[in-house]
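This report concerns only the one structure given below.
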Amino acid sequence: GRKSLRQRVVDELKHYYHGFHLLWIDTKVAARMVWRLLHGQVLTRRERRRLLRTCADLFRLVPFLVFVIVPFMEFLLPVFLKLFPDMLPSTFETESKKEEKLKKKLNARLELAKFLRETIAEMAKRNKADTG
């Protein structure tokens with residue numbers, strides 16, 4: 001069934017608390033990576049991606065904080081999220097949004113693979129016709 005209004009509010013507050021907590025942890029880790037970079041160490045590809053994601057999340061946090069700070073503006077947040085889906089930092093994504101992004105990425109990769117397979121098959125037919 002449906003959750004009560006109080007339970008939905010509590011769930012949303014927990015969601016934002018966990019999102020800020022994860023962002024804080026990512027920020028601490030990113031600060032250590034920047035420290036390592038400044039001291040001449042090289043980051044792995046995974047660390048570099050995490051650092052870039054965290055920096056992007058921190059830049060996305062600025063417009064998000066406006067919605068949190070200004071009274072009653074949080075009611076407009078769903079409208080802005082519909083218009084700008086990547087406005088929230090990555091730590092605030094729900095599982096359903098993550099799954100939806102993965103499905104879209106998988107479908108794009110499948111379409112690309114299908115296109116490449118058809119192209120290779122067509123090239124093989126041309127080469128076979130040319131050679132004999």
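Computed from heavy atoms alone, side chains included, the values below leave out hydrogens, waters and symmetry copies.
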Using a 4.5 Å cut-off on heavy atoms from C-beta on, say whether the side chain of Val29 contacts that of Arg32.
yes
Let me confirm one number: the CD-CG distance from Glu111 to Leu106, rounded to the nearest 0.5 Å.
10.5 Å
Joint cluster assignment, Phe75 & Tyr16, ILVMFWY side-chain distance < 4.5 Å:
no
Flag the pair Leu51 / Glu47 as yes when at least one side-chain heavy-atom distance between them is below 4.5 Å, and no otherwise.
no
Carboxylate-amine/guanidinium contact Glu122 Arg126, below 4.0 Å
yes
Leu52, Leu23: one ILVMFWY side-chain cluster at the under-4.5 Å cut-off?
no
Just so I know, are the side chains of Arg8 and Leu5 near enough to count as touching, which here means a heavy-atom distance under 4.5 Å?
yes
Is there a donor in the side chain of Gln7 and an acceptor in the side chain of Asp11, or the other way round, less than 3.5 Å apart?
yes
Atom pair CG (Leu58) and CZ (Arg53), whose distance is rounded to the nearest 0.5 Å
11.0 Å
Write down the atom of Val42, the atom of Arg36, and the distance for their closest heavy-atom approach.
O-NH2, 3.9 Å
Please report the interatomic distance OG1(Thr27) to CZ(Phe20), rounded to the nearest 0.5 Å.
11.0 Å
Between Asp57 and Arg60, is the closest basic N to carboxylate O distance under 4.0 Å?
yes
Heavy-atom distance under 4.5 Å between the side chains of Lys14 and His18, does that happen here?
yes
Evaluate Leu110 against Lys114 for side-chain contact (heavy atoms from CB on, under 4.5 Å), listing each step before the verdict.
CA-CA 6 Å; Leu110 287 174; Lys114 181 180 171 186; over 6 Å; no
What's the separation between atom CZ in Arg109 and atom CG in Leu102, rounded to the nearest 0.5 Å?
9.0 Å
Heavy-atom check, side chain of Glu100 versus side chain of Lys103, under 4.5 Å:
no
Got a donor-acceptor contact below 3.5 angstrom from the Glu99 side chain to the Ser96 backbone?
no
Using the rule that two of Ile, Leu, Val, Met, Phe, Trp, Tyr join whenever any of their side-chain heavy atoms come within less than 4.5 Å, decide whether Phe67 and Leu81 are in one cluster.
yes
Taken to the nearest 0.5 Å, the spacing of Thr54 OG1 from Leu61 CG works out to 12.0 Å
Please report the interatomic distance OG1(Thr44) to CZ(Arg50), rounded to the nearest 0.5 Å.
10.5 Å
More than 12 heavy atoms from other groups under 6.0 Å of NE2 on His15
yes
Same cluster for Val70 and Leu65 if Ile/Leu/Val/Met/Phe/Trp/Tyr side chains link at under 4.5 Å?
yes
Identify whether Val9 and Tyr17 are in the same connected component of the hydrophobic contact network (ILVMFWY, side-chain heavy atoms under 4.5 Å).
no
